K.L.:
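Here it is, the structure in full.
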There are 2 protein chains.
Amino acid sequence: MTAYILDRIEGQLDTLSRSEADVGRWVLEHPRQVIDQSISELAVVAGVSEPTIIRFSRSVGVSGFRELKTRLIANLQRPESYLHHDVDAQDSAIDAAGKVLERSIWALVELREQIPKQPLEAAVEAMATARQLVFSGLGASGIVAEDACHKFFRLGIPCSSTVDSQTILQRAAIAGVGDVHVAISHTGQWPDLVRAMALARRNGATVIALTDPRAPLAEQASLVIECHPPEDTNLYTPMCSRLAQLALLDALQVALALARGEAAEVALSRSKDVLRYR
Amino acid sequence: MTAYILDRIEGQLDTLSRSEADVGRWVLEHPRQVIDQSISELAVVAGVSEPTIIRFSRSVGVSGFRELKTRLIANLQRPESYLHHDVDAQDSAIDAAGKVLERSIWALVELREQIPKQPLEAAVEAMATARQLVFSGLGASGIVAEDACHKFFRLGIPCSSTVDSQTILQRAAIAGVGDVHVAISHTGQWPDLVRAMALARRNGATVIALTDPRAPLAEQASLVIECHPPEDTNLYTPMCSRLAQLALLDALQVALALARGEAAEVALSRSKDVLRYR
DNA sequence: TTCAGTTATGTAGCAAAACTACAAATATAT
DNA sequence: ATATATTTGTAGTTTTGCTACATAACTGAA
């Protein structure tokens, strides 16, 4: 889900069909003109039919022509310097670190743009009235789950985190109405996690998934919060999704604290006070 | 051709008629939502009729609603828009979440600017030749330590994480030459952690501190990497420092992987392969 | 080659969006 | 109070993005 839609088009150019690639090339060469064009105008200059434009849009990962334009406008506002910043073997430690940080920043900027589309109000409402919160994740997401638990318990809500398949399944088996399970997974593909959440939901629990909306996990969830920065194929950068998940849970926690008002405020300031040094 | 349409709207607000000013205020408060709205939707929430929206657009100097949206998208891409506002009790979940994320982004941007001043090369060198890495942190930083451990072991270096005072002290007591201890602490004030790192260092270990360079912990460390985004006094402020620490360790890990070259690459891809789904 | 099955592309039509013309309502001046 | 100007909304038109379906172009096996 990249704001650098032009990069994405370029990268996918050879996986597209002939007509769609024609569109792609035209867009890459005249992105600023596309912004002021309608589908039919673009269809004429690219030499294809109108539906092809729409299919092209979907192929490069946006919902339609409207969103394609939105992405182009956004892309063209960005400084070039954020482009092409993959770490390579010649980089010094400082260069490499800078690039990694830029990529992380970029992932959060992307995430921030998604926020208005996410069902946060519904998530907050479910959590505000929950009997308990259970955060589940495997591998790196397990650590995110633990972090979330560590953060949400301060609001005075019973919280726990589960980070291995067995425990997640057992938890799901005894879940009931009023429980809110938060499943964290970048890919949303792990069969055990998907099974567990399906089970929890059958048992009456609310399941909130932080994942890719097209993943199996999303199908089982009551609420899906999209959190799926594209992980680079680059070997060295498997960490953007983790950061995005953490930041999103931060945001949720604050929203939840606001929703719970007074009670949360008291619990929060107590847990802050106890950490003073003298 | 002003890219900052929001500024323009704000400036013209008092020259507009009552209904048009209503629209202007709504747009200023929810610019991101307007991007995904149609005229009729905006008309409803602003409490005016559809043509008023178009007249408003023209009043602020664009040709129509379409261009207004274009300008908004462009405006919101500008980095200045990420200057943070504080969360307050009137915010909706989405507004609050947006603000929290903006603050996190800002913290990382600050951190990125610090990167060239940090002794990363030295840290990488120490880690590259280490007998083992020990990550230590208390509370929220403990989770960062665990995350780091989870990340660095993939490079094929013996790693562990310690997250409570007793264990940290014991580890420090048996530390020796070749061990690298990484202490993670926002304030750098916790007496137990400071004592433990002083002890580890006396025993010959290298101590890398991710903390405030003016803190006691920094004095005891062999290397200090500054990682100290100002925590807000605001009750609802999330832990930006946690995010910054994670991102910085991500960066360090990548730099370290590069430094170790071939060996790390093999270990990394092995630990990725084992996680495939079928 | 031929022919089924698949993929790619286009035609025609629809629903929603942006926009316009005009009339009603409101404010302002005499 | 009346006339004039300004502001706002109603109803209708045009444009736009999109969908359903049909046709064309490939692909691979007999």
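Nothing here was measured: the structure is a model prediction, and the numbers come from that model.
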K.L.:
Looking only at heavy atoms, which two atoms of A/Ser222 and A/Arg201 are closest? And how far apart?
P.N.:
OG-NE, 3.3 Å
K.L.:
Looking only at side chains, do A/Thr162 and A/Ser136 share a donor and an acceptor under 3.5 Å apart?
P.N.:
yes
K.L.:
I want to check one thing: is the phosphate of D/dT8, taken as OP1 and OP2, less than 4.0 Å away from some side-chain N or O of B/Ser49?
P.N.:
no
K.L.:
Can you build the contact string for nucleotides 14-27 of chain D? Use B for base contact, S for sugar-phosphate-only contact, and - for no protein heavy atom under 4.0 Å.
P.N.:
--SSBB--------
K.L.:
Give me each pair satisfying ring-ring contact (aromatic ring centres under 6.0 Å, His included) with a member in residues 9-30 of chain B, each pair once, sequence neighbours excluded.
P.N.:
B/Trp26-B/His30
K.L.:
Taking the ring centre of each residue, are A/Phe135 and A/Phe152 less than 6.0 Å apart?
P.N.:
yes
K.L.:
Taking 4.0 angstrom as the limit, do B/Arg103 and A/Asp250 come out as a salt bridge?
P.N.:
no
K.L.:
Say whether, by atom type as modelled, one donor and one acceptor occur between the side chain of A/Gln118 and the main chain of A/Glu226 under 3.5 angstrom.
P.N.:
yes
K.L.:
With distance as the sole test, does A/Asn203 use its side chain to make a donor-acceptor pair with the main-chain N or O of A/Ala172 at under 3.5 Å?
P.N.:
yes
K.L.:
Are the side chain of B/Ser59 and the backbone of B/Arg55 linked by a donor-acceptor contact shorter than 3.5 Å?
P.N.:
yes
K.L.:
Between which nucleotides of DNA chain C, 5' to 3', does chain B make heavy-atom contacts below 4.0 Å?
P.N.:
C/dA17 to C/dT20
